[in-house]
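Single-structure report; data block below.
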2 protein chains.
Amino acid sequence: MREFQRAAVRLHILHHAAEREVHGAWMTEELASHGYQISPGTLYPTLHRLEADGLLVSEQRVVDGRMRRIYRATAAGRKALAEDRKALRELAREVLGDDEVR
Amino acid sequence: MREFQRAAVRLHILHHAAEREVHGAWMTEELASHGYQISPGTLYPTLHRLEADGLLVSEQRVVDGRMRRIYRATAAGRKALAEDRKALRELAREVLGDDEVR
DNA sequence: GGCGTAAGATCGGATGCCGATATCGGCTTC
DNA sequence: GAAGCCGATATCGGCATCCGATCTTACGCC
């Protein structure tokens, strides 16, 4: 279902950016591996929004002879991730039932 | 967080409409009780879309001297609900971890 | 320097969101 | 039986987002 796409994209970005450095092309692959096909016209504006909201910080860097913009989560980003996880857990409980979600 | 709003609204509507008859005002209360504030300008177009997609059927009825449009899930609606639940479970596993979601 | 390439950025039409406002149907009151 | 009320539903308009297609950038290579 595509309704989860938006939430899934945001969660995955924050999730990974909280643990390591991520960049757009890698996120595209990562999301695709979970079945979320996202076009660059969606991903890049999303990254920019998260940065504008102070949840990510970016930096340009040359890796393997390629210019990349790498992102990391800020403290606010990790906080937002925790809140998003909480919201997801609650939604899962509501719809899947307490017996499926601890 | 508001990223889940859209998915949550759709899931709750299908979930309840699969088990009983629902109407707009009741869904507004139900969603609000779960912390999802939805404006009529979002809810009613959403109901219309679900009906146009064949997931709900509606019928006008007078209840307690009030005209209401009541909705029930179709077979396709129940199928969509099952798929949405599956997508939610998978997203929860990815982001919350297998140990939290059965 | 010019080229190829991969990553990122942007554009534009379509869709969705949502607060505010309008409408609708049945009821009540006179 | 006309007027007006009220709750429920419908619509409107402005703004944000989506996303495929396309353009730009920056580097290495020759």
Side-chain angles (χ1 to χ4, degrees), chain A residues 1-14 16-17 20-32 34-53 55-72 80 84 87, chain B residues 1-14 16-17 20-32 34-53 55-72 80 84 87:
Chain A
M1 218 260 290
R2 298 307 117 215
E3 252 70 23
F4 295 111
Q5 179 119 340
R6 199 177 156 194
V9 167
R10 180 181 152 117
L11 275 165
H12 272 96
I13 291 172
L14 288 175
H16 291 298
R20 80 207 80 210
E21 297 178 336
V22 301
H23 60 107
W26 183 82
M27 277 308 314
T28 299
E29 286 178 33
E30 164 67 13
L31 288 164
H34 285 297
Y36 302 104
Q37 300 155 256
I38 185 169
S39 85
T42 300
L43 179 64
Y44 290 108
T46 298
L47 288 170
H48 298 167
R49 246 194 324 280
L50 291 173
E51 183 169 20
D53 290 346
L55 307 184
L56 297 179
V57 285
S58 75
E59 174 190 341
Q60 293 198 221
R61 184 181 300 168
V62 176
V63 178
D64 291 335
R66 294 290 159 207
M67 204 277 297
R68 279 182 185 166
R69 179 168 293 273
I70 61 97
Y71 291 88
R72 283 171 293 118
D84 287 4
Chain B
M1 227 268 294
R2 296 311 116 212
E3 252 71 25
F4 296 109
Q5 180 118 338
R6 200 176 153 194
V9 166
R10 180 182 153 116
L11 275 166
H12 272 97
I13 291 173
L14 289 175
H16 291 298
R20 79 207 83 210
E21 297 179 336
V22 302
H23 60 106
W26 182 83
M27 279 308 314
T28 300
E29 286 178 33
E30 164 67 13
L31 287 165
H34 285 296
Y36 303 104
Q37 299 155 256
I38 185 169
S39 85
T42 301
L43 179 64
Y44 290 105
T46 298
L47 287 170
H48 299 168
R49 248 196 319 280
L50 290 173
E51 184 169 19
D53 290 346
L55 307 184
L56 298 178
V57 285
S58 76
E59 175 191 340
Q60 292 198 226
R61 185 180 302 169
V62 176
V63 178
D64 293 335
R66 296 289 162 207
M67 206 277 297
R68 278 181 185 168
R69 180 168 291 274
I70 61 98
Y71 291 88
R72 282 171 294 115
D84 287 5

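Naming: A, B, ... by sequence-line order, numbering from 1 per chain. Note that these values count all heavy atoms, side chains included, but never hydrogens, waters or copies made by symmetry.
Remark: C1' of D:dT9 and NE2 of B:His48 are 7 Å apart, rounded to the nearest angstrom. The separation between A:Glu21 atom CD and C:dA7 atom P is 16 Å, rounded to whole Å. One atom, CZ of B:Arg61, and another, P of D:dT9, lie 12 Å apart when rounded to the nearest Å. Rounded to an integer number of Å, the gap from CD of B:Gln60 to P of C:dT23 is 17 Å. Between the CD1 atom of B:Ile38 and the P atom of C:dG16 there is a distance of 14 Å, given to the nearest Å. Atom pair B:Met67:CE and C:dT23:C1' shows a separation of 10 Å (rounding to whole Å applied). To the nearest angstrom, P of C:dG8 lies 9 Å from CG of A:Leu47. Going from atom CH2 of A:Trp26 over to atom C1' of C:dG8 covers 17 Å, rounded to whole Å.
The shortest side-chain heavy-atom distance between B:His16 and B:Trp26 falls under the 4.5 Å cut-off. Contact annotation: the side chain of A:His12 approaches that of A:His34 to within less than 4.5 Å [non-hydrogen atoms, C-beta and beyond]. Here the side chains of B:Glu30 and B:Val22 are not in contact, with every heavy-atom distance at 4.5 Å or above.
A close approach under 4.0 Å does occur between a side-chain nitrogen or oxygen of A:Tyr44 and OP1 or OP2 of C:dG8. Within the 4.0 Å cut-off from OP1 or OP2 of C:dC17, at least one side-chain nitrogen or oxygen of B:Arg49 is found. Here B:Thr42 does not reach the OP1 or OP2 of C:dC17: none of its side-chain N or O atoms lies under 4.0 Å away. Residue B:His23 places at least one side-chain N or O closer than 4.0 Å to OP1 or OP2 of D:dT9. OP1 and OP2 of C:dA9 both lie 4.0 Å or more from every side-chain N or O belonging to A:Arg68.
Among the nucleotides D:dA8, C:dC18, C:dC17, the one closest to the side chain of B:Thr46 is C:dC17. Ranking D:dC27, D:dA10, C:dA9 by closeness to the A:Val62 side chain, first place goes to D:dC27.
B:Arg66 comes within 4.0 angstrom of a base, heavy atoms only.
In terms of polar N and O atoms assigned as donor or acceptor, the side chain of A:Arg6 never comes within less than 3.5 Å of the base of D:dC18 in a complementary pairing.
In this structure, CD1 on B:Ile13 lies 4.5 Å from CG on B:Leu47, to the nearest 0.5 angstrom. One finds the CG atom of B:Leu14 at 6.0 Å from the CG atom of B:Asp84 (value rounded to the nearest 0.5 Å).
With the nearest nucleotide of DNA chain D identified for both A:Ser39 and B:Tyr71, B:Tyr71 has the one nearer the 5' end.
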